[in-house]
Amino acid sequence: MKTIVFATNNAHKLEEVRAIISDGVKIVSLPDIGCHDDIPETAGTLEGNALQKARYVKEHFGHDCFADDTGLEVEALNGEPGVRSARYAGDGHDSNANVEKLLRALEGEQNRKARFRTVIALIINGQELFFEGIVNGQITESKRGTYGFGYDPVFVPDGADETFAELGAGIKNRISHRAIATCKLAAWFKQQAGDASRHAFFNII
């Protein structure tokens with residue numbers, strides 16, 4: 001079993017990623033490697049933030065790793081909250097406050113189009129790689145559902161009638177932005193593992 005670090009403290013994200021990358025790869029989190037630092041996320045793009053987190057772990061703890069950043073981009077708000085999605089209502093990662101601020105910003109707005117975008121940055125064997133996942137959808141007028149986290153209760157993906165928070169983890173893990181990006185990452189791992197000449201592409205913890 002190969003082991004790699006996912007640079008997150010978010011138990012929901014860790015659960016989602018582990019459900020997708022489960023074949024021959026063990027995913028460990030920041031607490032698992034003794035990292036309790038508040039890793040900076042000061043870049044102006046999702047790509048920049050994801051890479052910043054991955055580089056921090058590599059530089060300070062020496063492990064190859066991957067990190068992600070996700071943004072909700074709302075058409076009527078010119079792409080906001082975007083890279084500021086986790087702190088839309090201010091510092092502290094308060095999901096309820098973020099959602100309430102978003103709904104207030106869209107009060108009376110007919111255009112509810114939005115998209116979730118996740119970017120994963122992977123640092124491994126001196127390489128820096130990116131994997132992206134996008135899901136288009138609509139913002140509801142009120143919160144619906146009890147599953148998921150973040151903006152899940154107000155986002156209905158195209159082709160569905162329910163929010164991510166109503167669909168549940170099983171369905172969300174198959175169709176979400178993070179699932180799409182993670183599946184691309186899992187496919188890359190599988191391809192590398194199948195290449196006998198690169199059998200040691202993981203740093204073992």
Side-chain angles (χ1 to χ4, degrees), residues 1-22 24-73 79-88 90-93 95 98 115-135 149-151 176-193 195 197-205:
M1 177 72 71
K2 307 299 185 181
T3 303
I4 193 165
V5 178
F6 177 22
T8 187
N9 290 302
N10 189 312
H12 296 290
K13 285 185 180 182
L14 184 63
E15 184 179 355
E16 285 185 7
V17 168
R18 280 177 171 168
I20 295 169
I21 305 177
S22 58
V25 181
K26 180 181 179 182
I27 308 296
V28 299
S29 64
L30 293 176
D32 292 325
I33 63 168
C35 176
H36 304 285
D37 304 350
D38 185 12
I39 300 179
E41 297 179 58
T42 56
T45 64
L46 299 179
E47 290 84 355
N49 274 345
L51 186 58
Q52 186 177 26
K53 288 185 285 186
R55 283 177 173 172
Y56 185 94
V57 172
K58 180 64 176 178
E59 291 170 5
H60 290 80
F61 294 86
H63 299 304
D64 285 351
C65 64
F66 64 93
D68 80 313
D69 198 24
T70 294
L72 176 67
E73 301 169 347
E80 289 290 317
V83 73
R84 299 192 301 116
S85 292
R87 298 179 175 84
Y88 188 42
D91 290 336
H93 297 271
S95 294
N98 290 337
R115 69 175 189 173
F116 264 125
R117 189 164 71 94
T118 289
V119 175
I120 293 174
L122 171 67
I123 296 179
I124 199 162
N125 272 4
Q127 300 180 79
E128 295 182 344
L129 305 169
F130 292 97
F131 306 87
E132 182 185 59
I134 294 174
V135 171
F149 58 98
Y151 297 92
S176 78
H177 44 291
R178 186 172 295 107
I180 293 170
T182 305
C183 283
K184 292 177 181 178
L185 175 63
W188 189 88
F189 284 159
K190 186 175 182 180
Q191 178 184 0
Q192 301 306 304
D195 185 346
S197 66
R198 300 179 64 181
H199 67 281
F201 69 98
F202 283 102
N203 278 356
I204 305 302
I205 296 175

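Quick caveat, the model's predicted, so the values are computed rather than measured.
Two residues are said to be in side-chain contact when any heavy atoms from C-beta on lie closer than 4.5 Å; Asn9 and Pro31 meet this criterion. No side-chain heavy atom of Val119 sits less than 4.5 Å from a side-chain heavy atom of Asp68. Looking only at side-chain heavy atoms (C-beta outward), Arg18 and Phe6 stay at 4.5 Å or farther from each other.
Remark: Ala179 engages Ile20, Ser176 in a side-chain contact (heavy atoms from CB on, under 4.5 Å) (not counting sequence neighbours). Applying the side-chain contact (heavy atoms from CB on, under 4.5 Å) test to Glu128 and every residue at least two apart in sequence or in another chain returns Leu51, Arg55, Ile123. Applying the ring-ring contact (aromatic ring centres under 6.0 Å, His included) rule to Tyr151 yields no partners; only residues at least two apart in sequence or on another chain are considered. With sequence neighbours left out, the side-chain contact (heavy atoms from CB on, under 4.5 Å) criterion links Leu122 to Ile4, Phe66, Ile124, Leu129, Phe131, Leu185, Trp188, Phe189. For Phe130, the ring-ring contact (aromatic ring centres under 6.0 Å, His included) test picks out no residue, with sequence neighbours left out.
Atoms OG1 and NZ, from Thr8 and Lys13 in turn, are 5.0 Å apart once rounded to the nearest 0.5 Å. Taken from CD in Glu15 to NE2 in His12, the straight-line distance is 8.0 Å, to the nearest 0.5 Å. Between atom CD of residue Glu132 and atom CD1 of residue Ile180 there is a gap of 9.5 Å, rounded to the nearest 0.5 Å. Here Thr182 contributes atom OG1 and His177 contributes atom NE2; the two are 9.5 Å apart, rounded to the nearest 0.5 Å. Rounded to the nearest 0.5 Å, atoms OH (Tyr88) and CD (Glu80) are 6.5 Å apart.
Asp32 and Ser29 share a side-chain donor-acceptor pair at under 3.5 Å. Looking only at atom types and distance, the side chain of Arg117 has no donor-acceptor partner in the side chain of Thr70 under 3.5 Å away.
Scanning all heavy atoms of the two residues, the minimum distance from Gly133 to Ala181 falls at N-CB, 3.6 Å. The shortest non-hydrogen separation linking Gly82 to Glu73 is CA-CG, 4.2 Å. Minimum interatomic distance between Gly71 and Ser85 (heavy atoms only, all atoms of both residues): CA-OG, 3.4 Å. Minimum interatomic distance between Lys53 and Ala67 (heavy atoms only, all atoms of both residues): CB-CB, 3.7 Å.
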Before you tell me yes or no, could you show the steps for Asp69 and Thr118 under side-chain contact (heavy atoms from CB on, under 4.5 Å), namely the whole-Å CA-CA distance, both residues' side-chain angles and the distance that decides it to 0.1 Å? CA-CA 6 Å; Asp69 198 24; Thr118 289; over 6 Å; no
Please report the C-alpha distance between Ile21 and Ile27 in whole Å, then the side-chain angles of each, then the deciding distance to 0.1 Å, and finally whether the side-chain contact (heavy atoms from CB on, under 4.5 Å) criterion is met. CA-CA 8 Å; Ile21 305 177; Ile27 308 296; 4.1 Å; yes
Tabulate below the donor-acceptor pairs under 3.5 Å that side-chain atoms of residues 33-46 make, not counting sequence neighbours, or state none.
| from | atom 1 | to | atom 2 | distance (Å) |
| --- | --- | --- | --- | --- |
| Asp37 | OD2 | Tyr56 | OH | 2.8 |
| Thr42 | OG1 | Gln52 | NE2 | 2.9 |
| Thr45 | OG1 | Gly48 | N | 2.9 |

